[in-house]
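Read the structure below first, then the notes.
Computed over heavy atoms, backbone and side chain alike; hydrogens, waters and symmetry mates excluded. Below, read A as the first sequence line, B as the second, and so on, with proteins coming before strands; counting in each chain starts at 1. Since this is a predicted model, take the numbers as computed values, not measurements.
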Amino acid sequence: MKLTLKVWRQKNSQDKGGFENYFLDNVDADASFLEMFDVLNDKLINEGKDPVAFDHDCREGICGTCSMYINGRAHGPRQATTTCQLHMRFFNDGDTIVVEPWRAKSFPVIKDLVVDRSAFDRIIAAGGYVSVNTGQAPEANSIPVEKDKSDIAFESAACIACGACVAACKNSSAMLFVAAKVSHLALLPQGDVEHSGRVLDMVVQMEREGFGGCTNTNACEAECPKEISVTNIARLNREYMKASLSYSKP
Amino acid sequence: MALQSKVPPGALDQKWTQYRSTIKLVSPANKRKLEVIVIGTGLAGASAAASLAELGYKVKAFCFQDSPRRAHSIAAQGGINAAKNYRNDGDSIYRLFYDTIKGGDYRSREENVYRLAEVSVNIIDQCVAQGVPFAREYGGLLDNRSFGGVQVSRTFYARGQTGQQLLIGAYQALERQIGLGNIKMYSRHEMLDVVISDGNANGIIARDLITGEIQRHGAHAVVLATGGYGNVFFLSTNAMGCNVTAIWKAYKKGAFFGNPCFTQIHPTCLPVHGEYQSKLTLMSESLRNDGRVWVSKTKGDKRKASEIPEGERDYYLERKYPSFGNLVPRDIASRAAKEVCDEGRGAGPTGLAVYLDFEDAIKRLGQNVVSARYGNLFEMYEKITGDDPYKTPMMIYPAVHYTMGGLWVDYNLMTTVPGLYAIGECNFSDHGANRLGASALMQGLADGYFVLPYTIGEYLSGEILSGNVNTNSMEFIEAEENVRSRIKKLLNNKGGKTVDYFHRMLGKVMWDDCGMARSRESLLRAEGEVKKIEQEFWENVKVPGKENEFNQELEKAGRVADFIELGALMIQDALHREESCGGHFRLEYQTPEGEALRNDDQFMYVAAWEYAGNGNAQMHKEELNYETVHPTQRSYK
């Protein structure tokens, strides 16, 4: 395949940045998008140019590291697919492909396509956990969990925190990410005693990080590589409402 | 130096309990004064950091990823073993211990493995309490399945994403402690050296990967939890960032390296098909529970799977190993696949693949059940290959997956350097020459949650009076200088070949000649090749960019330089071990049926290599005593 790549280049967080065009003339249709980038970088280095910085690690669609905006869509055109699992056979010979980093104030650019997503970690640190110290757990089967609920909790827990929801949202909202975590833990009996404090703390941190609010356009769900449902957001809103009306932090 | 395994006295099943009741404790007031550095935030690192912080120690945690939640443990699919006997099928701590020892081909330490089986039970309790959404039955209790190499159902799982769910549990425990101010987290930082003063590990040199700043961090103990080094083969199932650098630096500073050549080849991975390929994707071994493995009976059969009639298919695992069938351990399944492909009966265009077929399972269970069990794996397969495994069998081939070798540790998980610990995949201790399915997650969490937090206290109780670590000491200055000069050397080299070029070359030599099957001849050839690669690397590598910026090529260059040195040690280790065992298969040593032939009389030991300068290594032996289990020829027939 022959391709033209229009890639966002930005030396560091202070740099203004801009697009550069690159041409590749021998792209294998079975290669993944990231493997295509490996080939591009090899070429750039051999030409004495700076390779494109991009985040990637497991290349199995689960670590959540690969973050790229491809032709105006988070992780590219395929539904339920991370960039590392996007293969070049889904593009056409001769295509021009535009590649940009996640764009959100709360995800500052580090270099080229690499952004800082540590805001997500701070939201989890604010309350996205069950408080149980090592060695303090009761026997596992002493906490039965309804299978259906457990399955829904699992669906929410499948979030890989890649940030596509934020990138896809016109408001750069992190609601889907926060909702997925709140749902995962709120649906299970283990985390129940802290469910009110958790949702309040996480939402406060989310706002502190500068993410926007949800506008119910559902772009997050459409672009989520793990198909996390917006019903999580409904659950988050309900949990938040309930907690803010009935609970004040000691 | 004689290796001291420090295994406590007493009966096997009482050792750990008695040991825990008698080791020295550190009072809460003193814990606050003691600092511990944890490198790596996978299952082992995150669980250790969280547990140590809960105990009251001051913890600094480091990972090279942008978030601790992205460690490669997250990609583990299948499950985690525990001797809960929830299925009432005769499982017990002893049986899990026995299976692990036997599965490891009698090259692991009995006492460590027994302890692992013992604490496995607590791991499940801990994870469930954290909210890990394990699979459930309709009664609300936990579900189990059986996994390669064993005959009981003791594997707990969360669909095909068990590693992800367990890691998120540990990560949340870690974040909780970060939020409480008990852990200082350094993401996008890489450890580039360990600092040793007066013989004790008391800090590290790290590089901030964003700014390139070289930092000194002092602590009273350093815990390495950096995972495996399978990326020495370039193509492997490991994440792209997995590397050997931290433990390699520790090795060069005096920590012995145990059994470096023991590499696990995973039988169910997507095959290699192109030059551009950067990694191999693993398909969970759980697929073998219902999938049947076969190839054509005829050599060079280029027909599609659907065109090969039942009578012309060879279900070779079921034929050769009737009692375990498709569930034989990984090394057996991997070698059997290689054998049929070497015979010319491999599937697909390259002939380097075998079929994993779900036709019978779909007929027997219905597509819904199969989809509930393996749906996400099927989707993943289809995404990568474009083929639908509900309609046509998957094509799989073995790939490098896990390294059983790693830093030598004693019963306390301490390396030969006092104060320097190694936990999880980066130590050598629990899996012998082969790892059973669903036991890597178990070991990572066992070490991090339930072993290290106790054993490290034994050492730290002697550090109470040592006060803050002086990071301006000669040792820190020297270590920092070494790190800086190596970075300069890489950047100023101005050669003509990229880092990846050398990595691919190294990988090819390692796979061809020190991979799934090795011989004296192939290893000697590899020895020469790796020397050449090392020489050419330092003459001709080209690393663009600067040191004081985000520079991914520089990161890779340092890691590949270490992989090249490690490759040489792996070859040396494989060469000296004149036997076959587990994942180490020497062609000269096999039974008439082609199975691995151990030589217990001469090789029942851990080969622990000590760095002797200038690329040389000296071997020390830890003799293994099997007091409880009597080694037998492994047979899965």
Report the C-alpha distance between B:R70 and A:T65 in whole Å, list the side-chain angles of each, state the deciding distance to 0.1 Å, and finish with yes or no for side chain to side chain contact (heavy atoms under 4.5 Å, CB included).
-> CA-CA 7 Å; B:R70 304 209 201 279; A:T65 310; 2.9 Å; yes
Take A:D121 and B:Y171 through the side chain to side chain donor-acceptor pair (under 3.5 Å) test and state the conclusion after the steps.
-> CA-CA 9 Å; A:D121 292 326; B:Y171 155 78; 2.5 Å; yes
Please walk me through it: do A:E155 and B:R159 pass salt bridge (Lys or Arg N to Asp or Glu O under 4.0 Å)?
-> CA-CA 10 Å; A:E155 303 278 347; B:R159 269 179 233 177; 3.2 Å; yes
Given A:I45 and B:E553, is the side chain to side chain contact (heavy atoms under 4.5 Å, CB included) satisfied, shown in steps?
-> CA-CA 9 Å; A:I45 296 167; B:E553 283 296 310; 3.4 Å; yes
Verdict with supporting geometry, B:K279 and A:E60, salt bridge (Lys or Arg N to Asp or Glu O under 4.0 Å) = CA-CA 9 Å; B:K279 79 159 286 167; A:E60 290 181 26; 2.8 Å; yes
Passes side chain to side chain contact (heavy atoms under 4.5 Å, CB included), B:Y138 versus A:D148? Steps please.
-> CA-CA 8 Å; B:Y138 280 98; A:D148 295 349; 4.2 Å; yes
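The contact between A:Q136 and chain B is made entirely by backbone atoms, counting heavy-atom distances below 4.5 Å. A:N12 does not touch chain B: none of its heavy atoms, backbone or side chain, sits under 4.5 Å away. Of the atoms belonging to A:C159, it is backbone heavy atoms, and not side-chain ones, that fall under 4.5 Å from chain B. With a 4.5 Å cut-off on non-hydrogen atoms, A:D112 does not touch chain B at all. Residue contact with chain A, scored on non-hydrogen atoms closer than 4.5 Å, involves the backbone of B:T385 exclusively. Contact of A:A53 with chain B is made through backbone and side chain together, with heavy-atom distances under 4.5 Å. Contacts between A:L44 and chain B at a heavy-atom distance below 4.5 Å are absent for every atom of the residue. The parts of A:I124 that come within reach of chain B are both its backbone and its side chain, each placing non-hydrogen atoms under 4.5 angstrom from that chain. Proximity to chain A (any heavy atom under 4.5 Å) is shown, for B:E379, by neither the backbone nor the side chain. When heavy atoms are compared at a cutoff of 4.5 Å, A:S131 approaches chain B by way of both its backbone and its side chain. With a threshold of 4.5 angstrom between heavy atoms, A:I143 approaches chain B through its backbone and through its side chain. When heavy atoms are compared at a cutoff of 4.5 Å, B:Q277 approaches chain A by way of both its backbone and its side chain. Only the side chain of B:I168 comes within less than 4.5 Å of a heavy atom of chain A; its backbone N, CA, C and O stay farther away. Heavy-atom distances place the side chain of A:L188, and not its backbone, under 4.5 Å from chain B. Heavy-atom distances place the backbone of B:F134, and not its side chain, under 4.5 Å from chain A.
In terms of heavy-atom pairs under 4.5 Å with chain B, the best-connected choice from A:K181, A:Q190, A:K147 is A:K147. The residue among B:P544, B:A135, B:G179 with the most heavy atom pairs within less than 4.5 Å of chain A is B:P544. With respect to chain B, the highest number of heavy-atom pairs below 4.5 Å among A:D151, A:D38, A:D50 belongs to A:D151. Of the listed residues B:Q77, B:Q177, B:R136, the one with more heavy-atom pairs under 4.5 angstrom with chain A than any other is B:R136. Among A:T81, A:V27, A:D116, the residue with the largest count of heavy-atom pairs under 4.5 Å with chain B is A:T81. Each of B:C242, B:S187, B:A158, B:G274 has some count of heavy-atom pairs under 4.5 Å with chain A, and the biggest count is that of B:A158. The most heavy-atom pairs under 4.5 Å with chain B, out of A:G135, A:S118, A:G61, come from A:G135. For the set A:L34, A:V130, A:V145, A:V132, the count of heavy-atom pairs under 4.5 angstrom toward chain B peaks at A:V145. In terms of heavy-atom pairs under 4.5 angstrom with chain B, the leader among A:P138, A:G191, A:A153 is A:P138. Most heavy-atom pairs under 4.5 Å with chain A, from the set B:N122, B:I210, B:N551: that is B:I210. Chain A forms more heavy-atom pairs under 4.5 Å with one residue of B:Q164, B:M185, B:H72, B:Q130 than with any other, namely B:Q164.
When only modelled atom types and interatomic distance are considered, A:D30 and B:Y276 share no side-chain donor-acceptor pair under 3.5 Å. For A:R59 and B:T281, the side-chain atoms include no donor-acceptor pair closer than 3.5 Å. A donor and an acceptor atom, one from each side chain of B:Q552 and A:K111, are nowhere located under 3.5 Å apart.
The backbone N or O of A:C63 sits nowhere less than 3.5 Å from a side-chain atom of B:R69 that would complete a donor-acceptor pair. The main-chain N or O of B:G241 is never found under 3.5 Å from a side-chain atom of A:H56 such that the two would form a donor-acceptor pair. Side chain of A:N133 to main chain of B:E54: no donor-acceptor pair is present (N/O by atom type, distance under 3.5 Å, no hydrogens or angles). Not one N or O on the side chain of B:K383 forms a donor-acceptor pair closer than 3.5 Å with the backbone of A:T82.
Between the CZ atom of B:R504 and the CG atom of A:D42 there is a distance of 7.0 Å, given to the nearest 0.5 Å. In this structure, CG on B:D125 lies 12.0 Å from OG1 on A:T134, to the nearest 0.5 angstrom. Within the model, atoms CE of B:M240 and SG of A:C84 stand 10.5 Å from one another, a figure rounded to the nearest 0.5 Å. Taken to the nearest 0.5 Å, the NZ atom of A:K226 stands 6.0 Å off from the CD atom of B:Q161. A:N46 CG to B:K542 NZ: the interatomic distance, rounded to the nearest 0.5 Å, is 5.5 Å. Rounded to the nearest 0.5 Å, atoms CD1 (B:I74) and CG (A:D57) are 10.5 Å apart.
One finds no salt bridge joining A:K11 and B:E549 here, because no Lys/Arg side-chain nitrogen approaches an Asp/Glu carboxylate oxygen to under 4.0 Å. A salt bridge between B:K84 and A:E139 is present, with a side-chain N of the basic residue lying under 4.0 Å from a carboxylate O of the acidic one. Under 4.0 Å is where a charged nitrogen must lie from a carboxylate oxygen, and between B:D66 and A:R117 at least one such pair does. Salt bridge status for B:R188 with A:D55: present, with a side-chain N to carboxylate O gap under 4.0 Å.
For CD of A:E227, the number of neighbouring non-hydrogen atoms (other residues, nucleotides, ligands) closer than 6.0 Å is 12 at most. Within 6.0 Å of NZ in A:K43 there are more than 12 heavy atoms belonging to other residues, nucleotides or ligands. Around the OH atom of B:Y454, the shell of radius 6.0 Å holds no more than 12 heavy atoms that belong to other residues, nucleotides or ligands.
Residues A:P144 and B:G139 share a closest heavy-atom pair of CB-O, 4.3 Å. For the residue pair B:I124 and A:A140, the shortest heavy atom distance occurs at CG2-CB, 3.9 Å.
Residues satisfying the side-chain hydrogen bond (donor to acceptor under 3.5 Å, both in side chains) test with A:K49, not counting sequence neighbours, are A:E47.
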